Amino acid sequence: MRLYSTLQRELVELPPSPAKIGIYVCGPTVYQRIHVGNARPYVIFLWLRNWLKHRQYEVKLVSNITDVNDKIYVEAAHRSPPIESRKLAEEMSDRYREDTDRLGLGRPDAEPTATETMGEIVAMIAELIAGGHAYEAQGDVYFRVESYGDYGQLSRQKPDQMEDQEPGPLKEDPRDFALWKATKQGEDTSWESPWGKGRPGWHIECSAMAAKLLGPSFEIHGGGLDLVFPHHENELAQSRAAGQEFAHIWMHNGLLRLTGEKMSKSLGNIQTLEQVLKPPPEGWGRETLLLFFMTAHWRSPIDFSIETMDAAQAQANAFREALALDERENPTEEWSRLEQALDDDFNTPLALSILHEWRSRGARSLLFQGLSLFGLNTLKEEARPEVVKLQEERDTARKQRDFQRADELRRHIEKAGWSASDTSSGTVLWPKHERKH
RNA sequence: GGCGCGGUGGCCGAGUGGCUAGGCAGAGGCCUGCAAAGCCUCGUACAGCAGUUCGAUUCUGCUCCGCGCCUCCA
């Protein structure tokens, strides 16, 4: 198994299985409902975790929830009536769990919050100060970038070439970043620390949580491509400066783009994960979204549009039908083709093409097994009794060669969201899911 | 200005120094009561310009275009 790592800029081999693999993924900041883009890393890393387990690795996936942040303060204050930021964070954390639960991929093995990691955060900051890598200034604590020689190695930014920054009044160097921020007016949460009341900066929570739950050295760190700089650069600097090896492989998923005029005008309607996951005909449903994510390699950007989602929907329906039809062949030795595709940088578009090949050859068992890896076993469904009854009536009509009645019954079946395919070995029912435009 | 990632047929999207990706959409045919599936056939794909090579979409260089990041966005 090998994966492309941003740090090395090349494919990096994982230790042979069985082995322990720790994965840390940056989760969302909970100030509003998450959108489809936020779901991409969630899906990719759950798939990866499940695949590595399948490959006999002992995997621990940690994905944090950032529940202390400027945006949360701002959003909570702008609510009418304003609410406590802690309440907003709790509410949005619950929504986040609900929304991602509906993806049907299981949950990370741990989902720590900044709030519950405060002890470790403070301890780590103290350690950095003791080591000369950080300094206190009027209740704030800043990381001393100059003290870490490899700063910039992840993003390949040359510190002196970076865009000019407004030097913070308390910073020794404009590139220094906050580890701890003294409480300011309007912030309704704070914690005691050796430097007074305050709250952690953004980057430190991830370093502290990763060390707490995965140890000083672990295999994979993931997140969106937009986090490479500064967030991950800073995490790496802090953790290494604190004497930890930190993550070996850095995976950054490509971003989701919204294209097309019509789409961007109705952003509000289809952008949130909640909306997209609504079952058809209102939304696209989880299976279409998962297939959509499969169509692009995890490192590539992906365009979210009616066209691309419709294409994914058509694929979902093709799989649904194939899973209902009779098995025509069962080339079990071909399973390794799928393994190879996924072991080589988790190439889901290639894996998808193999699944389509099995679909068209009628290799139903293999297809089902393959789809199950991605949480798509639900593409196989049993018809509800009332639909089966319609089909039985239709069979009778067909036997009597009353084709007008048979076609009428087919329309009833379709109204119920199902489709009837007449094959040489009888009629099969399969669920056709279509979003209404 | 700096760093990085890309440009493949109508659309999405793998891959390879010479030999078929796959999906969606389209045209014709076989099959079918009708459909669906399946099968057959069809449409001059690899941004541009040089270079390396017997041969480049695949390697090298340059150009053009797109995207991301440059202190709190997954």
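The structure presented is a predicted model; accordingly, all values stated were derived computationally and were not measured. Below, all heavy atoms of this structure are taken into account, side chains as well, without hydrogens, waters or symmetry copies. Per chain, numbering begins at 1; letters A, B, ... match sequence-line order.
Residue Asp407(A) places its side chain closer to C34(B) than to any other of C70(B), C34(B), G23(B). Among G33(B), G4(B), C73(B), the nucleotide with an atom closest to any side-chain atom of Ala406(A) is G33(B). Taking the side chain of Asp422(A) as heavy atoms from C-beta on, and the options G4(B), A74(B), C34(B), the nearest nucleotide is C34(B). Ranking C69(B), C12(B), G33(B) by closeness to the Thr295(A) side chain, first place goes to C12(B). Relative to the side chain of Tyr4(A), the nucleotides C5(B), A14(B), G22(B) differ in distance, and C5(B) lies closest. Side-chain proximity of Asn38(A) to the nucleotides G13(B), A74(B), A35(B) is greatest for A74(B). Closest to the side chain of Thr308(A), from the set C12(B), A74(B), A37(B), is C12(B). With distances taken from any side-chain atom of Pro230(A) to the nucleotides C70(B), G38(B), C3(B), the minimum falls on C70(B). Nearest to the side chain of Trp430(A), among A36(B), C3(B), C34(B), sits A36(B). In this structure, the nucleotide among G33(B), G23(B), A14(B) sitting nearest to the side chain of His356(A) is G23(B).
With hydrogens and angles ignored, a donor-acceptor pair closer than 3.5 Å exists between the side chain of Arg398(A) and the base of G33(B). In this model, a side-chain donor or acceptor of Arg410(A) finds a partner on the base of C34(B) within 3.5 Å.
For the C1' atoms, the distance linking A25(B) with C42(B) amounts to 15 Å, nearest Å. Distance noted for atom P between G13(B) and U8(B): 9 Å (whole Å). Nucleotides C62(B) and C69(B), compared at atom C1', are 25 Å apart to the nearest Å. To the nearest whole angstrom, the two P atoms, one in U58(B) and one in G15(B), are 15 Å apart. Comparing the C1' positions of C73(B) and A50(B) gives an interatomic distance of 41 Å, to the nearest angstrom. Nucleotides C39(B) and U32(B) place their C1' atoms 13 Å apart, quoted to the nearest Å. A36(B) and G43(B) are spaced 25 Å apart, taking the C1' atom of each and rounding to whole Å. Atom C1' of C12(B) sits at a distance of 30 Å from the matching atom of C30(B), rounded to the whole Å.
Atom-to-atom, CZ of Phe319(A) to P of A36(B) comes out at 19 Å; the value is rounded to the nearest Å. Computed from coordinates, the Arg401(A) CZ to C34(B) C1' distance equals 11 Å when rounded to whole Å. Going from atom CG of Leu61(A) over to atom P of A74(B) covers 17 Å, rounded to whole Å. Here A74(B) presents its C1' atom at 13 Å from CG of Asn69(A), a figure rounded to the nearest Å. To the nearest angstrom, P of A14(B) lies 15 Å from CG of Leu355(A). Between the P atom of C34(B) and the CD1 atom of Ile413(A) lies a distance of 18 Å, rounded to the nearest Å. For Arg394(A) and C34(B), the CZ to C1' distance is 9 Å, given to the nearest whole Å. Distance Phe229(A) CZ to C70(B) P: 8 Å, rounded to the nearest Å.
At a threshold of 4.0 angstrom between heavy atoms, the contacts of His252(A) with the nucleic acid are absent. In this structure, Leu255(A) reaches the bases: a heavy-atom distance under 4.0 Å links it to at least one base atom across the strands shown. Nucleic acid contact class of Ala341(A) (heavy atoms, under 4.0 Å, all strands): none. Across all strands, Gly201(A) comes closer than 4.0 Å to no nucleic acid atom at all (heavy-atom distances). The residue Ser419(A) sits apart from the nucleic acid: no heavy atom pair falls under 4.0 Å. Counting any heavy atom pair closer than 4.0 Å across all strands shown, Gly223(A) reaches sugar-phosphate atoms only and no base atom. Within the nucleic acid shown, Glu357(A) has no heavy atom closer than 4.0 Å to any nucleic acid atom. Residue Leu256(A) is in base contact, counting any heavy-atom pair closer than 4.0 Å across all strands shown. Counting any heavy atom pair closer than 4.0 Å across all strands shown, Pro28(A) reaches sugar-phosphate atoms only and no base atom.
Ring to ring, Phe218(A) and His248(A) are not that close: their centroids are 6.0 angstrom or more apart.
The base-pairing partner of A14(B), taking Watson-Crick or G-U wobble contacts with both distances under 3.5 Å, does not exist among the strands shown. When both distances must be under 3.5 Å, the Watson-Crick or G-U wobble mate of U20(B) does not exist. Here G4(B) sits opposite C67(B) as a Watson-Crick or G-U wobble pair (both hydrogen-bonding atom distances under 3.5 Å). Across all strands shown, C49(B) forms a Watson-Crick or G-U wobble pair with G61(B), both key distances being under 3.5 Å. The base-pairing partner of C42(B), taking Watson-Crick or G-U wobble contacts with both distances under 3.5 Å, is G26(B).
The pair Arg199(A)-Asp70(A) counts as a salt bridge, with a side-chain nitrogen and a carboxylate oxygen less than 4.0 angstrom apart. A salt bridge links Glu111(A) to Arg107(A): one of the charged nitrogens lies within less than 4.0 Å of a carboxylate oxygen. A salt bridge links Glu287(A) with Arg320(A); the closest basic N to acidic carboxylate O contact falls under 4.0 Å. Looking at Arg86(A) and Asp67(A), no side-chain N of the basic residue comes within less than 4.0 Å of a carboxylate O on the acidic one, giving no salt bridge. For Arg337(A) and Glu334(A), the salt-bridge test passes: some basic side-chain N is under 4.0 Å from an acidic carboxylate O. The residues Arg2(A) and Glu13(A) are annotated as not salt-bridged, no charged nitrogen and carboxylate oxygen being separated by less than 4.0 angstrom.
Between His221(A) and His232(A), the ring planes lie perpendicular to each other; the angle is over 60°, past the 30° to 60° tilted range. The aromatic rings of Phe246(A) and Trp250(A) sit tilted relative to each other, their planes meeting at an angle between 30° and 60°.
In terms of position on RNA chain B, the residue among Ser360(A) and Asp344(A) whose nearest nucleotide sits closer to the 5' end is Asp344(A). In terms of position along RNA chain B, the nucleotide closest to Ala318(A) lies nearer the 5' end than the nucleotide closest to the other residue of the pair Leu225(A) and Ala318(A).
In terms of phosphate contacts, Asn347(A) brings a side-chain nitrogen or oxygen within less than 4.0 Å of OP1 or OP2 of G15(B). A close approach under 4.0 Å does not occur between any side-chain nitrogen or oxygen of Ser421(A) and OP1 or OP2 of U32(B). Contact between the side-chain N/O atoms of Arg359(A) and the OP1/OP2 oxygens of G38(B) is found at a separation under 4.0 Å.
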